[in-house]
**Q** 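The following block contains the structure, expressed as structure tokens.
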Number of protein chains: 2
Amino acid sequence: MVQDTNDVKAKILGAAKKLFARNGFEGTTVRQICEEAGVALALVSYHFGGKEKVFYALFESSIPNYATAIYTLQDPEADFSHFIHEFVRLRQTEPELINLLQQEIIMQSPRMEKLQAYVYTLWKQLRNILEAGRAKGCFQFTSLKQTLHFIIGALIFTRNVPALDDLFETTVMEENSESVDEIAACTVHFLLNGLK
Amino acid sequence: MVQDTNDVKAKILGAAKKLFARNGFEGTTVRQICEEAGVALALVSYHFGGKEKVFYALFESSIPNYATAIYTLQDPEADFSHFIHEFVRLRQTEPELINLLQQEIIMQSPRMEKLQAYVYTLWKQLRNILEAGRAKGCFQFTSLKQTLHFIIGALIFTRNVPALDDLFETTVMEENSESVDEIAACTVHFLLNGLK
DNA sequence: GTCTATACTTGGATAGAC
DNA sequence: GTCTATCCAAGTATAGAC
């Protein structure tokens, strides 16, 4: 596989990531992707075998590398903090991908079937941490299901939401350009308190 | 306007709500809507003037009636609790609508422009409550922006997510069939702790 | 007001030249 | 490997009968 091939494939993936995140899978056309990527229409089919294959290729490259951390569950609070930090980092690194994933989850799209495996291991870790914490007495909550929904919802909800920007128009510049670690620390603090 | 007209319009709205929530605006066809509603293809255009008008009609009926509560901000904790209860009730009453709204928000769809007004008043209330609580010292948080994102994310994230159901397969039946008030109380508890 | 049939547009995928 | 031109399926909206 020569260099040019990788260039084109990467350009298509980049364009698709941007457009899928913004307009959804159905709302994005192959023509848009190719125009954004600056390549001919036929190349999506040639390199990937169709629009849907491009979609899956987006996740195959990024997500599996993420959920590799092993949690001992000896110190659930530390594990929780680590998990949140990792997720916030992923969300900052790949906002479009998280955005897209969120769409597919709430739509219960037919594509979720193949994405399920990635997502499951991710949230299974979180569930294990929560249960270990409850057993050890450092977390208190009545409904595991509700608690998981709170946390996942708070984590996955995209930060780049113009519809919310209006809410900050009159605010003093108190919190612009926060670093990943600051955001993660803030998130851990909020969620950990919720578990008391 | 005779009764039959309302019946057909209601059937179309019901079908559209269900399908939009599940497949998104772009992922839903007028043919699907009409088939689901059991009416002829032409009637969407006849009664509403097109697919997009059906979409807006869905929100015009439900959302404005919601955001009418007035908050005095004398007791931010009580206001917060009331706000959460109202939202949880809305989410339980109109899960498809919240689902759809969430999609449109995170996609930053072109339709959000017309929905913005509804959404803005809703979250402006929440923002006011948070700021009042911070001023009075009953809420502590560093970033208003992050905090709003946590709460909105936790609230708006759909509860009916098959992709998450697998996470509960081995759980004992600890928390099935929770009532609206139970869920709301649980939510208030979690989020209020996060604000300490 | 509701139906069937159809016009018109757009989308995904491919054929074939280079 | 990449392009242009084209095919075919599916979409929205409308015309016209009832």
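This structure is a prediction, so every number in the text was calculated from the model and none was measured. Below, chains carry the letters A, B, ... as their sequence lines are ordered, and counting in each starts from 1.
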**Q** A/K53 NZ to C/dA13 P: how many Å, rounded?
**A**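 The answer, rounded to whole Å, is 9 Å.
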
**Q** Distance check needed: D/dT2 P versus A/E35 CD, whole Å only.
**A** 18 Å

**Q** What class does the angle between the rings of B/F157 and A/H149 fall in, given that below 30° is parallel, 30 to 60° is tilted and above 60° is perpendicular?
**A** tilted

**Q** Hey, would you say the A/F25 and A/F55 ring centroids sit under 6.0 Å apart?
**A** yes

**Q** Set out, line by line, the N/O atom pairs under 3.5 Å between protein and nucleotides 6-12 of chain C.
**A**
from   : atom 1 : to    : atom 2 : distance (Å)
C/dG12 : OP1    : A/K51 : NZ     : 2.9
C/dG12 : OP2    : A/V30 : N      : 2.7
C/dG12 : N7     : A/R31 : NH1    : 2.8
C/dG12 : O6     : A/R31 : NH2    : 2.9

**Q** Could you state the CG-C1' distance from B/N23 to D/dG11, rounded to the nearest angstrom?
**A**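 For the pair B/N23 CG and D/dG11 C1', the rounded distance is 15 Å.
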
**Q** Using atom NE2 of B/H47 as one end and atom P of D/dT14 as the other, report the distance to the nearest whole Å.
**A**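 Atom-to-atom, B/H47 to D/dT14, this comes out as 15 Å.
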
**Q** I'd like to know whether B/Q32 forms a side-chain contact (heavy atoms from CB on, under 4.5 Å) with B/N23, so could you lay out the CA-CA distance, the side-chain angles of the two residues, the decisive distance to 0.1 Å, and finally the verdict.
**A** CA-CA 11 Å; B/Q32 284 177 288; B/N23 306 118; 4.3 Å; yes

**Q** Within this structure, what is the OH-to-C1' distance between B/Y46 and D/dT14, rounded to whole angstrom?
**A** 14 Å

**Q** Decide, yes or no, whether a salt bridge links A/E86 with A/R89 under the criterion of side-chain N to carboxylate O below 4.0 Å.
**A** yes

**Q** Walk me through whether B/Y46 and B/V8 qualify under side-chain contact (heavy atoms from CB on, under 4.5 Å).
**A** CA-CA 11 Å; B/Y46 179 80; B/V8 168; over 6 Å; no

**Q** Remember a base hit wins even if backbone is also touched, and classify A/V39 as base, sugar-phosphate or nothing at under 4.0 Å, heavy atoms.
**A**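 It contacts sugar-phosphate atoms only.
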
**Q** Would you kindly give the CZ-to-P distance between B/F48 and D/dT14, to the nearest whole Å?
**A** 15 Å

**Q** What's the verdict on side-chain contact (heavy atoms from CB on, under 4.5 Å) for A/L155 and B/F150, showing C-alpha distance, side-chain angles and the deciding distance?
**A** CA-CA 7 Å; A/L155 284 179; B/F150 296 147; over 6 Å; no

